[in-house]
Structures are given as structure tokens and as C-alpha cells.
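Structure, as C-alpha cells:
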Amino acid sequence: MKSRISWFLSMLLIAGTSVNAQDVPQEDQRERPRIGLVLGGGGARGAAHIGVLQELERQRIPIDAIAGTSMGAIVGGLYASGKTPAELEELVNSIDWADAFVDRPKREDLSFRRKQDDLAFPVKLELGVGNGGLQIPKGLIQGQKLQLILREQLLHVASIEDFDDLPTPFRAVASDIESGEIHVMSGGDLALAVRASMSAPGIFSPVVVDGRTLVDGGLVGNVPVEVIRHMDVDIVIAVDVEFPLYPPEQLQSALAITEQMLTILIRKETLRQLSGLGDNDILIRPELGEYASTNFGQIAEVIEPGRDAARSAASRISQLSVSEVEYRSYLASRSGRDNPVETIDFVRVIDESPLSASVLKARLKTKAGDSIDTGKLKEDVDRLYGLNVYEHVGYSLVKDGEKTGVEFRTRPKSWGPHFLKLAVSLEDDFEGSTTFNVAGRLTTTGINALGAEWRNDVQLGTNPRFDSEFYQPLSFDSRYFVAPRVKLEQRNFNAFSDIGTIARYRVSEAELGLDLGRTLGRWGEIRVGALRGRGDASVKVGDPLLPNIDFDRGGVVTRLGIDTLDRAQIPRSGTRANVEWLMSRTGLGADSSFDTFMAAADKVWSWGRDGKNSLQLGMEYATTIGSEDLVQNYFTLGGFLRLSGLGQGEIAGPHTGLARAIYYRELSESSDELFKTPFFMGASLEAGNAWQNRSDMSLDSMIVNGSVFFGVDTFLGDFFLAAGFSERGKSSFFLSFGNRVR
């Protein structure tokens with residue numbers, strides 16, 4: 001009897017288990033059609049794809065395969081990796097698109113030496129010099145920061161090499177720039193494939209994948225319907241976000257006509273692809289009007305039109321809907337993301353430049369045994385990229401047998417290793433005093449395994465000069481260095497007395513030096529060096545009875561530089577300071593023994609919800625100890641923001657002091673993050689003077705000046721139009737362009 005009862009209970013348990021296994025209604029066990037989603041390219045307009053995905057999710061439409069081009073590849077690749085539509089919306093809202101499309105490292109990530117380049121040569125374009133002459137980068141944007149964003153967001157599927165093994169099978173479409181043919185990526189590095197798909201020619205540099213040079217897939221398949229057909233789907237949902245053709249009244253310029261031509265060429269292939277849609281397929285075209293493809297500043301605004309367009313097709317889309325139970329099962333299958341290993345077994349650097357890998361490893365904070373930290377990995381990449389000799393620096397998780405490590409891979413600039421930066425500086429007070437200089441800096445990098453550089457500056461114009469320095473690090477971490485240098489220069493300054501300016505001198509000087517230095521992280525540098533030089537100061541304007549002067553220099557100089565500014569010319573935060581002590585001694589070849597001391601410092605703060613209000617406080621002090629009559633050592637004041645009511649270099653002496661406060665606000669409100677040009681307006685209050693004797697220095701004798709100005713941060717440097725005023729009734733107007741730092 002007990003045996004029968006046990007048998008009966010066992011049958012009930014088995015039956016119950018069978019019921020649980022088949023609790024999905026019979027109608028949900030039917031064979032549903034496989035649905036493929038095609039996401040087209042369109043720049044910022046492609047954010048509408050997120051809205052479409054959100055509506056498809058709301059209507060419980062499972063997606064079995066995705067093919068995407070350009071921005072469609074970004075959205076599609078992230079969704080295919082297991083990201084939800086809600087996560088995608090949060091991501092596009094959190095990205096600083098203005099920064100993502102700027103290749104230049106954040107200034108805080110630059111080495112101090114590169115900050116010096118940025119300060120002296122603010123022109124953003126860097127040229128290469130080689131056997132073939134001048135070379136330029138292959139794109140305005142190398143995509144360094146965007147690639148890092150994609151790498152971080154897709155790290156959870158980094159071990160998946162076959163895109164069919166992703167939570168949702170995926171294809172990225174690019175154009176082979178050499179053959180002109182479509183290239184469909186179905187495996188490999190997902191982050192790199194997505195980056196290649198959106199490499200708009202001329203804007204983004206091409207990407208090399210499997211030996212092919214790839215650019216934006218929009219050229220050959222902007223809405224890749226044929227690609228999704230090969231992914232074994234039954235029904236296609238295609239989303240087209242291409243920019244519309246301009247009406248006749250807007251075709252009034254060569255630029256508009258050129259844009260129309262490109263749109264027509266792309267549109268022709270798109271229409272051919274869309275003609276392959278069948279009666280059961282669905283085409284969604286969000287109403288985006290003339291929303292610009294470069295308008296990433298307002299990218300979130302196009303998500304809602306994507307939802308609206310999908311809702312408009314609800315009558316057809318709803319026929320593909322599955323039950324809640326089946327859709328939950330679909331979502332569960334997508335949520336099983338691969339998790340990378342907890343710790344790193346090894347760290348490897350693959351570098352194609354002459355530098356030793358040890359030079360790069362010395363800059364990495366990530367070590368074997370560390371847990372995987374994407375923030376720390378990004379900081380390491382930024383630290384290497386901040387050397388500013390690489391076109392691209394990235395990282396990836398790699399396998400070596402049973403061990404998993406991080407591989408940092410660098411690609412030297414294709415236009416290097418000789419880099420040329422140009423600068424133009426102009427300052428005109430509209431009263432006949434004009435300073436104009438054209439300068440170039442040629443830097444040869446990677447001379448040896450320790451990272452030696454040879455830097456040569458040539459400047460022509462009002463203040464001609466030539467500087468050459470060979471910079472040789474003494475260790476892999478580049479902490480200590482030696483730097484032999486030579487300098488030739490000419491400059492003007494005014495000699496004055498109580499009655500005003502009495503003469504204008506022209507100083508010509510040649511100098512040799514040898515410095516031993518130590519870098520202070522990325523924020524500073526200290527040097528101690530010996531120098532030897534000769535020069536003369538001749539009267540160019542003034543009493544011809546005033547003597548011309550020949551002089552010899554010789555001594556020891558100590559220099560300390562600090563720079564944490566976020567921008568070189570119009571900063572919003574940070575500090576810059578320079579201190580120099582020169583000990584001139586007859587025993588080292590100088591005409592006389594004396595000391596000069598110079599110090600300058602600026603501190604900048606910004607505030608407000610948008611951070612566009614900035615205040616800069618600064619001071620300068622220079623003095624001569626042991627001699628006050630050597631005109632070749634005089635320090636000058638006068639000019640924009642250095643006593644703005646006076647002409648440039650209008651006053652000079654062996655002792656000078658200056659204090660200033662500068663307020664400025666950014667006025668620009670551009671939503672076009674790719675071509676944004678910041679505008680500024682501000683005012684300054686300055687007080688300072690030059691004194692012949694140190695005993696004359698006092699607050700009462702300082703001259704109060706001020707200015708109001710309008711500025712533009714241009715591709716070639718900063719442009720300022722300013723009016724300066726002095727308490728003595730003098731006023732000046734300045735047109736300043738290029739480098740203002742002295």
C-alpha cells in the first residue's frame with residue numbers, strides 16, 4: 001500500500017514538473033518569424049534609432065539580428081552587446097560630445113613638454129615633415145576619445161570574436177577606401193569595427209581592419225538591407241535617418257551644392273537598398289527635418305521623433321509582437337553578458353615607434369594582479385596619448401594561454417616623426433606701433449629608445465629669434481634629463497626717465513647653455529644650467545649721443561615651471577607659474593656680477609551652472625640685484641593685459657611689478673559640436689610700473705590700467721579686439737592675434 005502511495009505521489013510530482021515546463025501557452029510555442037533590424041547612418045540624427053528601439057521594446061518586438069552603418073553601427077553594436085534602450089539613452093546624454101570629437105588630449109594629460117608646445121604654438125594644426133615634403137593628418141579627428149568610449153562600453157563582450165555569438169547577432173558596414181567596395185564586418189574587435197563604420201572621410205581618419213583601409217559605410221550602404229538579408233531573417237525593419245535633399249531656395253552657395261551632391265550620391269544607393277524591402281518588411285523614417293548630422297549638442301532631442309515614427313507604424317509592427325512570457329525569455333537571453341576576469345595576469349605594451357616599451361610601461365599605473373578598472377585603464381591610455389607622438393593609443397583584453405592580460409597598443413602618427421607647428425602673432429595699437437611675428441617649431445621625436453627629442457624654433461618679424469634644444473631623458477621614466485641648447489634673438493625695449501621715453505634700443509644676443517633638469521609629473525619642471533653668451537644693445541631711436549653697449553654673459557640659471565591650466569590661452573581653471581634666478585658671474589665669463597630674479601603666476605577659477613564665467617588673478621615681479629644700469633637686462637611692461645593703456649613695451653627698467661584681475665565669459669551657444677567656435681567677452685583691471693631704483697618701488701607709484709575686450713578661440717589661435725585705458729589719461733586699442741604669452 002505504501003508502495004502504491006509513493007508511486008502515485010511520484011507521478012503527481014512528475015506531472016507537476018511537466019506542467020511547469022510547459023506553462024507557456026501553446027500559442028506562444030509557435031514558430032515566429034526571425035526579425036532583422038537595419039539602422040542607417042546619419043550622424044547625430046542616428047540617435048533616433050534609440051527611440052525606435054524603445055518603442056520596439058514597449059511593443060515586445062524581439063530582434064534576432066542587427067546590421068548598422070555609421071551611427072547606426074554604434075547604436076546597433078551597443079544594443080547587440082546586450083545594452084538596453086534605456087541604457088543607450090542614458091549613455092548619449094552622459095557623453096561630453098564636444099570633448100569626444102576633439103583628439104587633442106585634455107591639457108592635464110599632456111606632458112609638461114607638450115604643454116610648452118601648446119603655450120608657444122596655439123595653432124591646432126600639426127604638420128608632418130618627411131622626404132615627401134609636408135604631410136597632414138588623414139582626418140580632422142583621429143577618433144581617439146570616441147574609441148575609448150566604445151572600448152569601455154563594449155568591454156563586457158571583449159572576448160567575443162564572432163559577432164554571431166553576441167547577445168544579438170550583428171554586422172557593421174564600412175567602405176573599403178582602396179577598392180570602393182562594401183566591407184561587412186562579422187567578427188573581430190567589435191569596438192574597432194563600430195569605429196571603422198563611422199569614419200566619415202575627411203573628418204575621421206580611416207581605420208585599418210584585417211589589412212583593409214576602411215571609412216564610413218554610408219558611401220556604399222547607408223541603410224544595409226542586403227546585409228541583413230544574409231543573416232537568415234524573415235522580416236526586415238529598416239530605419240532611415242538620412243538628411244533630406246535641400247529645396248531649390250537653399251541651394252545658393254557652393255557649399256550647399258556640394259552637400260547636395262554628396263547626399264544624392266549616398267541617397268541613390270540607399271534607394272536601391274530600400275527597393276529590396278518586401279511587402280512584409282517595415283520602413284521607418286523619423287521626422288527629423290533639417291536637424292544637422294553634426295548637432296551632437298542636442299542629440300537627445302531626436303530620440304523622441306524615433307519613438308514617434310515607430311508608433312506611427314504600430315499597426316504593422318504590432319503584428320510581430322510576442323507574449324509577455326516569450327518576451328521576458330528573449331530579454332533574459334540578451335542579459336547574459338560575458339563578464340571579464342576579475343584580475344589582470346599581465347600587462348603588455350605593443351609599440352611601433354623607436355621608443356623602448358619600458359618608457360611607456362614606466363608611465364602606466366595598471367600592474368599585473370590589479371582588478372580590471374576601466375577608469376584606471378583610460379587614465380593610462382590618456383597618459384601615453386599625452387606624449388602627443390601617437391595617432392592612436394588603445395587597450396584591449398587579450399588571452400595568453402590560460403592567462404588574461406591588458407595589451408596597450410600604440411600607433412605613431414603617420415605624418416611623423418618630424419612635426420611642424422606654425423604660429424602667427426600680431427599686436428597693433430592703431431597708433432603706428434605694430435608687432436608682427438611668424439614662427440615655426442620643428443620637433444623630431446623618438447630619436448632613441450629613451451625618447452630623445454630635437455626641437456628647433458625659428459621666428460621672423462619684429463622679434464626674430466632662433467632656438468635649438470636637444471632634450472635627452474636619462475632614464476625610462478624620463479624623470480631626469482639633460483638639454484644642451486643655443487639661442488639667437490633680437491628684441492626692442494624703451495629706456496625712459498621722468499620726462500618719458502628717451503630712447504629705443506635694439507638688443508641682439510647669442511647664447512649657449514646646458515641644462516640638467518627634473519620633470520615634476522605632468523605639471524612642472526625644474527632646471528639648473530650654465531650659460532655663456534655675447535650681445536649688443538644699440539640705440540635705434542633717440543639721442544645719438546647715448547652709448548651703444550657690447551656685453552658678455554656667463555652664469556648659472558635656475559628655472560621652475562608649473563602649468564596645470566586647462567587651456568593655454570583662455571583658461572577656465574588651473575595655475576601657471578614661472579620662476580627664474582640668474583646668477584651672472586665674472587668668473588663664468590660675464591662682464592659683471594649681478595643677479596636677476598623673475599616670477600610670474602596666474603590662477604584661474606570658473607563658476608556658474610555652465611562654467612562659462614571665469615576669473616583670472618595674476619602677478620609678475622622682476623628685479624635686478626647688484627646692478628641697475630645694464631639696459632640689456634631691463635624688463636618691459638605695456639601692452640594688452642600688461643598695462644593695457646600703454647603701448648607694447650612702452651616702459652622698462654631693472655625693476656618691474658604687475659598685478660591683474662581678468663574676468664571673461666564665453667558667449668557662444670553652438671549646438672554643432674564638431675565645428676564649435678567659442679566667443680568671449682571680458683574686462684581687466686591691472687596695476688604696475690617699472691622702476692629705476694628698488695627704493696622707488698611702492699604701491700603709490702603703481703599705474704592703474706584696465707581693458708575691455710572681445711575674443712574668439714580660432715583654429716589658428718586666439719583673436720582679441722581690445723580697448724585699454726590708463727589712469728594717466730592714455731588709451732590704446734589693440735588687435736591681438738595668436739600667441740599672447742611672453
Side-chain angles (χ1 to χ4, degrees), residues 102-105 107 110-144 177 201-208 213 351-356 359-360 384-393 410-426 436-461 463-473 478 481 483-489 568 714-717 737-739 741:
V102 176
D103 275 317
R104 288 167 60 88
R107 207 162 181 274
L110 291 176
S111 65
F112 184 78
R113 192 165 178 81
R114 297 288 80 89
K115 289 179 180 178
Q116 290 176 312
D117 294 339
D118 185 43
L119 188 64
F121 290 84
V123 177
K124 296 178 176 62
L125 177 64
E126 179 184 74
L127 303 174
V129 180
N131 295 331
L134 293 179
Q135 302 176 18
I136 62 174
K138 296 177 181 179
L140 293 175
I141 303 171
Q142 304 306 312
Q144 169 70 19
I177 196 63
I203 298 179
F204 286 95
S205 64
V207 175
V208 177
T213 304
D351 179 39
E352 301 174 7
S353 74
L355 272 71
S356 167
V359 172
L360 303 184
L384 299 185
Y385 193 62
L387 294 172
N388 212 24
V389 296
Y390 295 112
E391 185 173 335
H392 175 75
V393 179
T410 66
R411 185 172 69 246
K413 291 179 178 178
S414 57
W415 58 97
H418 311 288
F419 302 108
L420 177 64
K421 296 201 73 174
L422 302 174
V424 177
S425 63
L426 169 68
F436 178 75
N437 295 293
V438 178
R441 169 168 289 180
L442 180 64
T443 303
T444 300
T445 63
I447 295 177
N448 54 40
L450 289 177
E453 297 182 357
W454 186 19
R455 186 166 71 188
N456 292 278
D457 292 357
V458 176
Q459 179 169 290
L460 303 176
N463 301 314
R465 65 182 295 156
F466 170 74
D467 286 284
S468 182
E469 179 186 79
F470 188 85
Y471 177 86
Q472 177 62 64
S478 302
F481 63 89
R485 56 186 177 80
V486 61
K487 178 177 71 174
L488 305 172
E489 71 170 339
T714 74
F715 187 76
L716 299 176
F737 179 72
N739 182 11
V741 178

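Fair warning: this is a prediction, and the values are worked out from it, not measured in the lab. Numbers here simply count residues along the sequence, with the first being 1. Reckoned from all heavy atoms, side chains included, excluding hydrogens, waters and symmetry mates.
Remark: K487 NZ to S468 OG distance equals 13.5 Å, nearest 0.5 Å. Rounding to the nearest 0.5 angstrom, the gap separating the CG atom in L110 from the CG atom in L119 is 11.5 Å. Atom CG of L460 and atom CZ of F436 lie 10.0 Å apart (nearest 0.5 Å). The OG1 atom of T443 sits 10.0 Å away from atom CG of N388, with the distance rounded to the nearest 0.5 Å. Taken from OG1 in T444 to CG in L442, the straight-line distance is 5.0 Å, to the nearest 0.5 Å. Note: T410 OG1 to H392 NE2 = 9.5 Å, rounded to the nearest 0.5 Å.
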* Stepwise side chain to side chain contact (heavy atoms under 4.5 Å, CB included) test for R411 and Y390 -> CA-CA 6 Å; R411 185 172 69 246; Y390 295 112; 6.0 Å; no
* List the steps and the verdict of side chain to side chain contact (heavy atoms under 4.5 Å, CB included) for W454 and I447. => CA-CA 8 Å; W454 186 19; I447 295 177; 3.8 Å; yes
* Would you please test L360 and L387 for side chain to side chain contact (heavy atoms under 4.5 Å, CB included) and show each step? => CA-CA 10 Å; L360 303 184; L387 294 172; 3.8 Å; yes
* Could you go step by step and tell me if V393 and Q144 meet the side chain to side chain contact (heavy atoms under 4.5 Å, CB included) rule? -> CA-CA 7 Å; V393 179; Q144 169 70 19; 4.0 Å; yes
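Salt-bridge check for R465 with D467: passed, with a basic side-chain N closer than 4.0 Å to an acidic carboxylate O. By the 4.0 Å N-to-carboxylate-O rule, R485 lies too far from E469 to be salt-bridged with it.
Summarising the geometry of S478 relative to P473, their closest heavy-atom pair is OG-CB, 3.9 Å, with the distance given to 0.1 Å. Annotation for S414 and Q135: closest pair O-OE1, 3.5 Å, computed over non-hydrogen atoms. Across every non-hydrogen atom of G446 and L355, the tightest pair is CA-CD1, 3.7 Å. Among all heavy-atom pairs drawn from F470 and A452, the shortest one is CZ-CB, 3.9 Å. Nearest heavy-atom pair across L422 and G440 is CD2-CA, 4.0 Å. Taking each heavy atom of Y385 and P105 in turn, the nearest pair found is CD2-CG, 3.4 Å.
Judged by the 6.0 Å distance and 45° axis criteria, R113 is positioned over the aromatic ring of Y471.
Side-chain N/O atoms of E453 and T445 include no donor and acceptor closer than 3.5 Å.
Between E126 and the choices K421, R114, K413, the salt bridge (Lys or Arg N to Asp or Glu O under 4.0 Å) rule is met once, by K413.
Remark: the backbone N or O of G451 is paired with a side-chain donor or acceptor of N448 at under 3.5 angstrom.
For the pair W415 and V129, the minimum side-chain heavy-atom distance is 4.5 Å or more. For the pair F466 and V486, the minimum side-chain heavy-atom distance is below 4.5 Å.
Residues that satisfy the side-chain contact (heavy atoms from CB on, under 4.5 Å) test with N463, not counting sequence neighbours, are T435, N437, Q459, R491, R506.
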